[in-house]
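In what follows, chains are A, B, ... by sequence order, proteins preceding strands, each numbered from 1.
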Amino acid sequence: MTIVRLGYVAMSIELQNCSPSQTMTFAQFKRLNDREAAIRKLERIAASNLENCLRLLKHNAANSIHFFRLSSRLIPLANHEELSDWNYLRPLKDPLKRLGQYIKEHPSRIDFHPDHFVVLNTPQEETLRTSLKTLALHKALLKGMNVDTEHRCVLHVGGGYEDKEKALELFIENWGLVPQSIQRMVMLENDDTTFTLKDTLYLCEKLGIPLVFDYHHHLAHHEDSDWESEWVRVVKTWESSQLPIKMHISSPRSEKEFRAHADYVDVSSFITFLNEIKGTIPEIHCMIEAKQKDGALFRLAEELNEVKGITRIDTSSFEI
DNA sequence: GCCAGTCAAGTCCCG
DNA sequence: CGGGACTTGACTGGC
């Protein structure tokens, strides 16, 4: 018996005018003559993004969705080097607290997926520095919401730098430079171009990092298509975590654009996956990475509902 | 109101 | 070494 819980990413197709990722580019910022006014505008955008996150959480609670990835673009130009004097967190204290309060009252697994500019295995000191700064921002956001920071940020391994083995060792080397409080936030995901499930497992086992298995990436990039025999190892990377194992699901847009994400999740390949892992763990959380966001979640949930052997618990949770 | 082009950040790939 | 692609959603500017 395994409980399967579905989640989705960052924004809703159903809610109108509810983007948590409104932004201002640096070019726009520079074009404004009054720097103070420009900073106030950044703060208004950030506050509005957090406000929209709250609306999204309410939408989730109303629909029994308890697993959600927050946008990593909540604060435009945060950590930009020319805005280093800007204390972007101070005006966000209250909105963050409100989010935290809501999460406490309507428990939900919340996490982040900082974008691909965070590269922990980079050979460049400067890039590592800005990556750590970005992760520190994520940590501050979690703290502001009073959410336990453990295993909340999914990252990719990073660049291949023409020698994958060396790049893996570089990750291990740099990991030693990552503050412990940030280390404990991190989960690693197999990617679709460079680091396979096996490569990522190597790091996760060595460094004690939970592995987020991306099934679609695995199909797109592997030495050996067999993932089933590695599943026990994946599960094991979660043993020290407080949180249930988590994975990503999405479907190829087409045979030609295999790596691109489709609008919806193909239910039959998902069921094939579920049948493989059924009973191996008490609970699994599946993050749907589809263009139609919550729309894809609702459709998949409807389809699962029709399947024999799958019992619905609520809109987004099932027992198999 | 619609569409094409632009945007902080990194890496890869091509010339 | 320089520049474009990649990928993504938001937003601007031109029509």
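- Ion pair Arg129(A)/Glu126(A) flagged as a salt bridge, since at least one NZ, NE, NH1 or NH2 atom sits closer than 4.0 Å to an Asp/Glu carboxylate oxygen.
- Using a 4.0 Å heavy-atom distance criterion, Arg129(A) is classed as making no nucleic acid contact.
- The side chain of Gln28(A) contributes no N or O atom lying less than 4.0 Å from OP1 or OP2 of dA8(B).
- Of the side-chain N and O atoms in Lys293(A), one or more sit less than 4.0 angstrom from OP1 or OP2 of dG9(C).
- Separation of the Phe195(A) and His221(A) ring centroids does not fall under the 6.0 Å cut-off.
- Mapping Ser19(A) and Arg31(A) onto DNA chain C via the closest heavy atom, the residue that lands nearer the 5' end is Ser19(A).
- Whole-Å rounding puts the Leu83(A) CG to dA8(B) C1' distance at 10 Å.
- Contacts of Thr194(A) with the nucleic acid, taken as non-hydrogen atoms under 4.0 Å apart, are absent.
- Of the listed nucleotides (dG9(C), dA8(B), dT11(B)), dG9(C) has the atom at the smallest distance from the side chain of Met11(A).
- Note: CD1 (Ile45(A)) to P (dT12(C)) measures 9 Å, nearest angstrom.
- The interatomic distance linking Glu162(A) (CD) with dT11(B) (P) rounds to 12 Å, in whole Å.
- Pair assignment for dG2(C) gives dC14(B), based on Watson-Crick or G-U wobble hydrogen-bonding distances that are each under 3.5 Å.
- If you check dG1(B) for Watson-Crick or wobble pairing at under 3.5 angstrom, you find it paired to dC15(C).
- Between Tyr88(A) atom OH and dA8(B) atom C1' the separation is 14 Å, expressed in whole Å.
- Residue-level contact check: Gly160(A) touches the backbone only, with heavy atoms under 4.0 Å from sugar-phosphate atoms and none from bases.
- Between the His80(A) side chain and the Glu82(A) main chain, a donor and an acceptor come within less than 3.5 Å of each other.
- dC2(B) and dT8(C) have their P atoms separated by 24 Å, with the value rounded to a whole Å.
- Taking side-chain N and O atoms only, Lys291(A) has a distance below 4.0 Å to OP1 or OP2 of dT8(C).
- At whole-Å resolution of the value, NE2 in His156(A) and P in dG10(B) are 16 Å apart.
- Within the structure, every side-chain polar atom (N or O) of Arg73(A) is placed at least 4.0 Å from both OP1 and OP2 of dA8(B).
- Taking a centre distance below 5.5 Å and an interplanar angle below 30 degrees as the stacking criterion, Phe117(A) does not stack against the six-membered base ring of dG10(B).
- One atom, NE2 of His116(A), and another, C1' of dG9(C), lie 13 Å apart when rounded to the nearest Å.
- Summarising the geometry, the separation between CG on Leu170(A) and P on dG10(B) is reported as 16 Å, rounded to the nearest angstrom.
- Between dG10(B) and dA10(C), the distance separating the two P atoms is 23 Å to the nearest Å.
- An OP1 or OP2 oxygen of dA10(C) is reached within less than 4.0 angstrom by no side-chain nitrogen or oxygen of Thr23(A).
- Side-chain contact of Gln22(A) with Ser19(A): a donor-acceptor pair under 3.5 Å is absent, judged by distance alone.
- Residue contacts for Ala78(A): at a heavy-atom cut-off of 4.0 Å it reaches a base atom on one of the strands shown.
- In terms of modelled atom types and a separation under 3.5 Å, the side chain of Ser72(A) and the main chain of Asp115(A) share no donor-acceptor contact.
- The residues Glu169(A) and Lys166(A) are annotated as not salt-bridged, no charged nitrogen and carboxylate oxygen being separated by less than 4.0 angstrom.
- One finds the CG atom of Asn190(A) at 12.0 Å from the CH2 atom of Trp227(A) (value rounded to the nearest 0.5 Å).
- Comparing dG13(C) with dA8(B), their P atoms are spaced 14 Å from each other, to the whole Å.
- Nucleic acid contact class of Glu82(A) (heavy atoms, under 4.0 Å, all strands): none.
- Summarising the base pairing, dA8(B) is matched to no nucleotide, lacking a Watson-Crick or G-U wobble pair whose two defining distances lie under 3.5 Å.
- Atom pair Gln124(A):CD and dA9(B):C1' shows a separation of 12 Å (rounding to whole Å applied).
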